[in-house]
Student: 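Take a look at the following structure, please.
Numbered from 1 within each chain, the chains take letters A, B, ... in sequence-line order.
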Number of protein chains: 2
Amino acid sequence: MTTVDHLRQVRLGNLRTVLLALVDRPGSRADLAARTGLTKATLSNLTEPLLAGGILVEEPATLAGMGRPSKPLRFHPDGPVAVGAEINVSHLAVETLGLDGATLERRLVPADMRKASADEVLDEVAGLIREVTAGMNRRLLGAGLAIPGVVHDGAVIRTPNLLRLVGARLAEGLGERTGLDVQVDNEANLAALAHLWPRHLAGEDFVHVTADVGIGAGVVLGGEIYRGVSGFAGELGHVVIERNGIRCTCGSRGCVERYAGLDVILREAGRRRLDSLRKALEAGDAKALGAVRKAGEALGVGIATLMNLFDVPTVVLGGSYAVLYDHLRESVQSEMDGRVLAGGERHTRLLGSPLGEFAVVRGAAGLITRRAVQQPERLFA
Amino acid sequence: MTTVDHLRQVRLGNLRTVLLALVDRPGSRADLAARTGLTKATLSNLTEPLLAGGILVEEPATLAGMGRPSKPLRFHPDGPVAVGAEINVSHLAVETLGLDGATLERRLVPADMRKASADEVLDEVAGLIREVTAGMNRRLLGAGLAIPGVVHDGAVIRTPNLLRLVGARLAEGLGERTGLDVQVDNEANLAALAHLWPRHLAGEDFVHVTADVGIGAGVVLGGEIYRGVSGFAGELGHVVIERNGIRCTCGSRGCVERYAGLDVILREAGRRRLDSLRKALEAGDAKALGAVRKAGEALGVGIATLMNLFDVPTVVLGGSYAVLYDHLRESVQSEMDGRVLAGGERHTRLLGSPLGEFAVVRGAAGLITRRAVQQPERLFA
DNA sequence: CTCATTCGTTCAATGCTTGAACTTAGTCTG
DNA sequence: CAGACTAAGTTCAAGCATTGAACGAATGAG
């Protein structure tokens, strides 16, 4: 590493600090200097290339009291954009996201992907991306791709419900089709990321729990997604709550998934689709209410175990669980209260996700905008 | 932050890099330059104050082949020293540790601490520290203090088996008695640290599991102890394995601790002390073997759950479990094999701790030497 | 004894942030 | 309306840790 590199590191670190402050909210150079602890001089210096490069714009002066009026800086409305894409069992989704956190376009296409080959799926996704980016004259930073399965080093290791994707080189495949730099990750991680970036919706230590066919948890520790050494972290679905319980497809017994998975809830409630279950719950259907309550109890046991290991203050219920939140809440919370060690003294929160069905795809796009901010050199490439 | 600070940060970071390389093994300036990626010039510059300050020594030239012989640098044999101390239910322990990782002195004193007040315990510990450091003409970097309980921000929050310590200001108390800068932490964390520092004994992602009265896990992620937001991380003892199982003192049911705690094993085996159990196992006592096997099964379920959440490749069994390792191994491993998701494809290891009963106190001292290396400015204070 | 080799030191150059001085662009007061 | 005041933004010399190249030192090989 040359000295120049050392100094460049300092500069890039400061650039990151400034960009993070801007993601939080726009601000003049003086304001940013105050917020970041850098000097006005450094801020002029750092922002100059960002303005020249079309990353930021200087707004017309704001007249606010005495002194020379400030000219707030914010992300350029025609600045770079990230693409998020989601491949799921029963739908595909795509979204475009600006550095300022604004969603530009969205598509969600219901489609049964279980039988589709990797190539077929990628063709579809690439088509959607083309639709969403067509006519948009903004630089594309890359694409995040969400998969319902375990991803490690960009490779799809395990997708219990989309078996034809296992081992496929999805990042390369989508990259070739779209010309974008593609980064693949687990949908649970990306749904969690959507609650962290660009806005903190649940602090910077939390676990986001979703149910689809399986149950997945996205774990956020210290403001970073925790993936574990091989991408298997947060497999809440296979936390054991009854060691001699129901057999699980994973080979174990008594996994949470067997008691609180969406398929189990629907079966117990005698419904086929989440929507129908929701209506039954609203109508006060006893069978539906009971099924959800029972699932909540099992989920609560698993979450309590998770909290005893990770010690995070917040659990967010997302995806299908967010839809069922009002009816799940009580039973989940009650198990947590009874089982989290010293739960009374610690302040633990259970939240329903405020993001809708676009959480995953938003997180996928956020993966890319976040990377661009954290590695500002990418913005100048 | 002034510019000077920025640059000083770079310098301190490089100093840390160099010291870490030296903890690994001694080396000449040229060797260290090669290992750290810095230049010889920088190494001369960085090591100069360390030599002047008595932190390092230059060994007499080593004749090894052609060229000017190198003068290896290593930690000064009379350099600074850290103290580790452990307060436990049935013993106290103290150790002194050099920056090079060499243990200088050790004491382990059996003593029933259950009834003792905080002041009484601290007086004892301070006495032991005085014994161990008496006549030693080396600067003391501080003391690490291990407690069997939950610690957060230096405060003892929960010590189920040493109730008189709860809320006590242990760090201040021991600091006043010894004149040392004292840092308190959980024994499970410190036992884990002993496997990470100054030598990696189990990689840099692992969980260290101990049993005393309770079961505690020290979680190491990416080479750092993971404590959670309020110090409750790694409470493996209260992971639920049978949701309608045995009632636990924590208020929950079916906690691992109720099936695999040392007290449970001893009771089931009809023994009063670990030593007697060990002899019974060696003699092939069926009751003892059965008790340990059953505990191993329960522990294995808990560990499998832990691995499904943390995704670490290695689990180290320490403390009493290390003593029982040969007889626990099979049942623990078998549950892990059956329950860790994709356990076959991931490479998971179960190890018995190579450190003896001094693991905790060594970790306590290591906390201090590690801090000194990571914050090299402390070495010059 | 001379040359090759490796270790360690010296020194000018580099490029970043800084703080202070300065310029700019407004509001406020009388 | 003019001059004082205030705050934003810019300019510039100073300070600092690393670097790379040149240099001096210490030994082995022939």
Student: I'd like to know if the side chain of A/Arg227 pairs up with that of A/Asn186 as donor and acceptor (distance under 3.5 Å, no hydrogens or angles considered).
Tutor: no
Student: Could you pick out which residue, A/Pro69 or A/Thr42, lies toward the 5' side of DNA chain C when each is mapped onto its nearest nucleotide?
Tutor: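 Its nucleotide being nearer the 5' end, the pick is A/Thr42.
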Student: Classify B/Ser44 by what it touches in the nucleic acid, base, sugar-phosphate, or nothing, heavy-atom distance under 4.0 Å.
Tutor: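 The residue B/Ser44 makes base contact.
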Student: Which label fits A/His208 and A/His195: parallel for a plane angle under 30°, tilted from 30 to 60°, or perpendicular past 60°?
Tutor: tilted
Student: Show your working on side-chain contact (heavy atoms from CB on, under 4.5 Å) between B/Leu193 and B/Arg370 and close with a plain yes or no.
Tutor: CA-CA 10 Å; B/Leu193 180 61; B/Arg370 189 172 206 236; 3.8 Å; yes
Student: Measure distances between side-chain N and O atoms of B/Arg68 and base N and O atoms of D/dA26, and say whether any donor-acceptor pair falls under 3.5 Å.
Tutor: no
Student: Looking only at the side chain of A/Ala41 (C-beta and beyond, no hydrogens), which of the listed nucleotides C/dG8, D/dT11, C/dT17 gets closest?
Tutor: D/dT11
Student: Quick one about B/Gln374 and B/Arg371 (side-chain donor to acceptor, distance below 3.5 Å, no hydrogens or angles considered), yes or no?
Tutor: no
Student: What is the distance from CG of A/Asn14 to P of C/dG15, rounded to the nearest Å?
Tutor: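 Those two atoms, CG and P, are 17 Å apart.
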Student: Rounded to the nearest Å, what distance is computed from the CE atom of residue A/Met66 to the P atom of nucleotide D/dG3?
Tutor: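 Taking CE of A/Met66 and P of D/dG3, I get 21 Å after rounding.
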Student: Write down the distance between CG (B/Leu73) and P (C/dC7), rounded to a whole number of angstrom.
Tutor: 13 Å
Student: Would you indicate which nucleotide in C/dT9, C/dT17, D/dT18 comes nearest to any side-chain atom of B/Lys40?
Tutor: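 Of the options given, the side chain of B/Lys40 lies nearest C/dT9.
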Student: How long is the line joining CG of A/Leu38 and P of D/dG9, in whole Å?
Tutor: 15 Å
